[in-house]
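In what follows, residues are counted from 1 in the order of the sequence shown. Both ligands and their constituent atoms are indexed starting at 1 by order of listing.
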Amino acid sequence: MIDPALIDIIKAAKRVVVFTGAGISAESGIPTFRDAQSGLWEKYDPEKLASAKGYRADKDLVWGWYEWRRMKVMQAQPNAGHYAIAQLAEQVPDLTVITQNVDDLHERAGSQTVIHLHGSLFQPRCFACARPYQFENTALDEPIDGRCLAPPSCQHCHGRIRPGVVWFGENLPTDEWRQAETAAKNCDVFFAIGTSGVVMPAAGLPVMAAKVGATVIKINLDSMGLEKVAKYRLQAKSGDVLPLLVDLLNK
Ligand code: OAD
């Protein structure tokens, strides 16, 4: 299933980038965004739930939705794909994990440094003064299942707290984006795993890597996307193919 030439390329690589999307966490039970039927954007309106305008219009709805998602992540466990990426970091001289995910499953699987391009469910901040907010309880007291929930108030200015994620119409965090671009432009091997590759600017990273001559490897259940960019396209579950790849590297 995996071309031996690909294993040789990874073995020879000095700098590897692993770029992930919602698909890497799907096998942990975290919903993706664009899957038919089960995807979050199939069920919910992104304009209402993932924009500053939507938050202004109904803060309790938006805060409740993100707390429901945070709760789902806290109940979930990293899967074989997350663990394999942490192991891969031991097998190559330099590995950078860049994720579009707002969960913490890479970190919990042992990846040391993770660049979060779209923020984190665990780093909310004040909508008014932008200072970070410390959750009083790391766990939620009761299951909320998407109910409306009033956002807490800022410990400094008493403004309302917003989720620490990047919404539509907002810029990516500057430092994280700079680090991601630098990593993509300086790698020999670039994995694009479990992402539909439609949300810019993140989706531009594999193209940047290909332009500097890196071998782009796409791992996705779906065959679409990155046709011109990815030299290797593994159509499989990331939780199946990544452990296999790590095993082959050990041989
Ligand atoms: P999407 O939901 O757009 O894409 C998920 C991809 O993962 C799809 O291509 C699936 O085929 C694939 N997939 C599902 N299960 C898989 C598995 N077990 N193994 C491998 N692949 C699998 O999610 P993203 O590409 O992450 O942004 O979406 C990008 C951004 O769009 C998100 O970060 C979010 C959203 O709007 C913001 O909220 C800012």
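- No cation-pi contact links R108 to Y83, judged by a cut-off of 6.0 Å to the six-membered ring centre and 45° from its axis.
- More than 12 heavy atoms of other residues, nucleotides or ligands shown are found within 6.0 angstrom of NZ on K11.
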Side-chain polar contacts of residues 173-181 - donor-acceptor pairs under 3.5 angstrom, sequence neighbours left out - could you list them?
none

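- Checked by atom type, the side-chain pair H106/T20 shows a donor-acceptor distance below 3.5 Å.
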Distances only, to 0.1 Å: what are the N or O pairs between ligand 1 and the protein that fall under 3.5 Å?
residue	atom	partner	partner atom	Å
ligand 1	2 (O)	F33	N	2.7
ligand 1	2 (O)	R34	N	2.8
ligand 1	3 (O)	R34	NH1	2.7
ligand 1	3 (O)	S196	OG	2.5
ligand 1	4 (O)	S196	N	3.3
ligand 1	7 (O)	G194	O	3.2
ligand 1	9 (O)	N220	OD1	3.4
ligand 1	9 (O)	N220	ND2	3.1
ligand 1	11 (O)	N220	OD1	2.8
ligand 1	18 (N)	E27	OE2	2.7
ligand 1	19 (N)	S238	N	2.9
ligand 1	19 (N)	S238	OG	3.3
ligand 1	21 (N)	L221	N	3.4
ligand 1	25 (O)	T195	OG1	2.7
ligand 1	25 (O)	S196	N	2.9
ligand 1	25 (O)	S196	OG	3.3
ligand 1	26 (O)	A22	N	2.8
ligand 1	27 (O)	H118	ND1	3.4
ligand 1	28 (O)	R34	NH1	3.2
ligand 1	31 (O)	R34	NH1	3.0
ligand 1	31 (O)	R34	NH2	3.2
ligand 1	33 (O)	Q100	O	3.2
ligand 1	33 (O)	H118	ND1	2.7
ligand 1	36 (O)	R34	NH2	3.3
ligand 1	36 (O)	W41	NE1	2.9

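- Taking the ring centre of W65 as origin, the terminal cationic atom of R69 falls inside the region bounded by 6.0 Å and 45° from the ring axis.
- Here E170 pairs with R162 in a salt bridge; the nearest charged N to carboxylate O distance falls below 4.0 Å.
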